[in-house]
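The next block holds one structure in the form of structure tokens; read it before the comments.
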Amino acid sequence: MRWLIASWGSRGDLHPFLALGRGLIARGDEVTLVGHPEWEGDTRVAGLRFVATDEPPRETLAEHLPNLFSTRHGGIVSLKTLVKDVIAPAFRPQLSVLLAEAPQHDAIIAHHFAFMGAVAADAADKPWATVSLAPGVIPSAYSRPGAQFGPDGNGPLARARNRVSWAVGRYVSGRMVDPLVNEIRREHGLAPIRDSVFGAHSEWLNLALYSKHFAPPAPDWSSEKKQAGFCFFDPPDATLPDDIEKFLAEGEPPVLFTLGSTAVYSPGRFYEDAAEACRRLGLRGLLLVGGLPNRPENLPPGVLAADYAPYGVIMRRVRAVAHQCGIGTLAHSLRAGLPSVAVPFAFDQPNNACRLVELGAAELVRPGKRNAETMTAALKKLLAGPAPSIARKIGGRIRRGDGVAAAIALLDEAFGRAPSAASHEAVFP
């Protein structure tokens, strides 16, 4: 079987596809991933064939787009900025590559926000699957949209509220995105669609790549929606930098503070507040600042700032983690059985954070209330309460699962297995 994967977003969006691709290659399938040029290194390390789109660097996006992390109007301001200034400019570069590659592949697997995956599938008459990485992007009366705070609820009033929230969000997002997508569809002789953000998913398979122990399937899911679980990509031979290894050897496991691969570009005072909370509580702390000018001055004893550490390695060596609740970071924290201080910024992070709190595995610090005092209070309550024990139990359940194997089984169920055009033997570093 020859699979063409289209992803979009941050490393947290890329890595589940790398894990899935490795699994498909390991059984003899062929896999090509289309994505941003910055992904080439990770993709080739994973052993997948990579084709880059002609997109500009994203490093300074957050710096120049202050509304990208806005939570105003239930996340609509953030979504509008994301679509207009980040996603839409990538439409044509991504589509040109997908159209060139599609004839040589049997099926397309597209990230929820890789809208051109559907266009390429329709234009090339190929079956395709939608992949949703977080529960807050799948409309349901049993859950809130990803950018909203508060419990999902399942009573009649909660379901009515959720339906209204989704209806408003789908209407607004459709007005933003549908004209852009349908202009391109018309250029390729394709019929227009509605609700391209949340409704125009594949009728073959909508694959949810997150664990049921984090968010179970909703009772009102349609039949093509299937849940596989988290798919973890741990780079081969990943190790910790020497300064981090030395720091870990000097004392008790620290608290890890990280903002993933997107919010790290707009941290505010997160790292300064983290260092101060550690000082007040007498905790050791490890700040992952992303190689950016985020490093606080005059760090207290027992606190180290470092550029980067692979999550699959470092999260086995810490006692708790404070993070933005991007789905990639969150998945690693749950697998490691770590309690969390949830500090969501935007996108699907508020809903992810609230789910962690409902599980009993996290304390929440809301946007606009992040400071040294709230960080200190959240950490103190987290470590003294039941969250560490609850998180360990959740971690054990997640580690017993195999999201990649489950996802491959669901792909086979939806598409069957076509013979590859040529034999392909994967070579993993």
Just by distance, do the side chain of [X] and the backbone of [Y] share a donor-acceptor pair under 3.5 Å?
X	Y	answer
Y271	L288	yes
R144	D152	no
R316	G312	yes
T329	Q324	no
D178	S196	yes
D412	A409	no
H105	A107	no
T53	G35	yes
T262	S10	no
R295	A305	yes

Heavy-atom pair with the smallest gap, counting every atom of [X] and [Y]:
X	Y	answer
D13	S7	O-OG, 3.3 Å
A228	A406	O-CB, 3.5 Å
V97	A52	CG2-O, 3.7 Å
A19	F233	CB-N, 3.8 Å
S132	N206	OG-OD1, 3.2 Å
A208	W221	CB-CH2, 3.9 Å

Validation row: [X], [Y] side chains within 4.5 angstrom (heavy atoms):
X	Y	value
E373	R280	yes
L299	L304	no
T258	I314	no
D307	V289	yes
L330	H323	yes
V197	R170	no
R335	F230	no
V45	P236	yes

Looking only at the side chains, is there a donor atom on one of [X] and [Y] sitting less than 3.5 Å from an acceptor on the other?
X	Y	value
E224	S202	no
D220	S140	yes
S143	N351	no
N162	S165	no

Rounded to the nearest 0.5 Å, how far apart are [atom1] of [X] and [atom2] of [Y]?
X	Y	atom1	atom2	result
L286	L248	CG	CG	7.0 Å
K226	L205	NZ	CG	8.0 Å
L364	T374	CG	OG1	10.0 Å
C231	L20	SG	CG	5.5 Å
K381	E363	NZ	CD	4.5 Å
I108	L98	CD1	CG	6.0 Å

Any carboxylate oxygen within less than 4.0 angstrom of a Lys/Arg side-chain nitrogen, looking at [X] and [Y]?
X	Y	answer
R2	E101	no
E245	R317	yes
R92	D54	no
R355	E358	no
D42	R11	yes

After noting the C-alpha distance and the side-chain angles of L411 and I109, does the key distance pass the side chain to side chain contact (heavy atoms under 4.5 Å, CB included) rule?
CA-CA 9 Å; L411 288 168; I109 304 173; 3.9 Å; yes
Measure the acute angle between the ring planes of [X] and [Y], then classify it against the limits of 30° and 60° as parallel, tilted or perpendicular.
X	Y	result
Y210	F214	perpendicular
H111	F17	tilted
F198	H112	tilted
F257	F270	perpendicular

Discussion item. Run the side chain to side chain contact (heavy atoms under 4.5 Å, CB included) test on E276 and D273 for me, step by step, so that the C-alpha distance in whole Å, both residues' side-chain angles and the decisive distance to 0.1 Å come before the verdict.
Written reply: CA-CA 5 Å; E276 176 61 15; D273 295 338; 5.7 Å; no
Would you find more than 12 non-hydrogen atoms of other residues, nucleotides or ligands less than 6.0 Å from [X] atom [atom1]?
X	atom1	value
K225	NZ	yes
R319	CZ	no
R194	CZ	no

Take L259 and N294, measure what side chain to side chain contact (heavy atoms under 4.5 Å, CB included) needs, and give me the verdict at the end. CA-CA 11 Å; L259 291 179; N294 295 334; over 6 Å; no
Do the ring centers of F50 and W39 come within less than 6.0 Å of each other? no
Should the pair R399 and F232 be classed as cation-pi, given the thresholds of under 6.0 Å to the six-membered ring centre and 45° from the axis?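 Here R399 fails the 6.0 Å and 45° test against F232.
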**Item:** Worked verdict on L334 versus R397 for side chain to side chain contact (heavy atoms under 4.5 Å, CB included)
**Value:** CA-CA 10 Å; L334 284 177; R397 297 182 191 124; over 6 Å; no
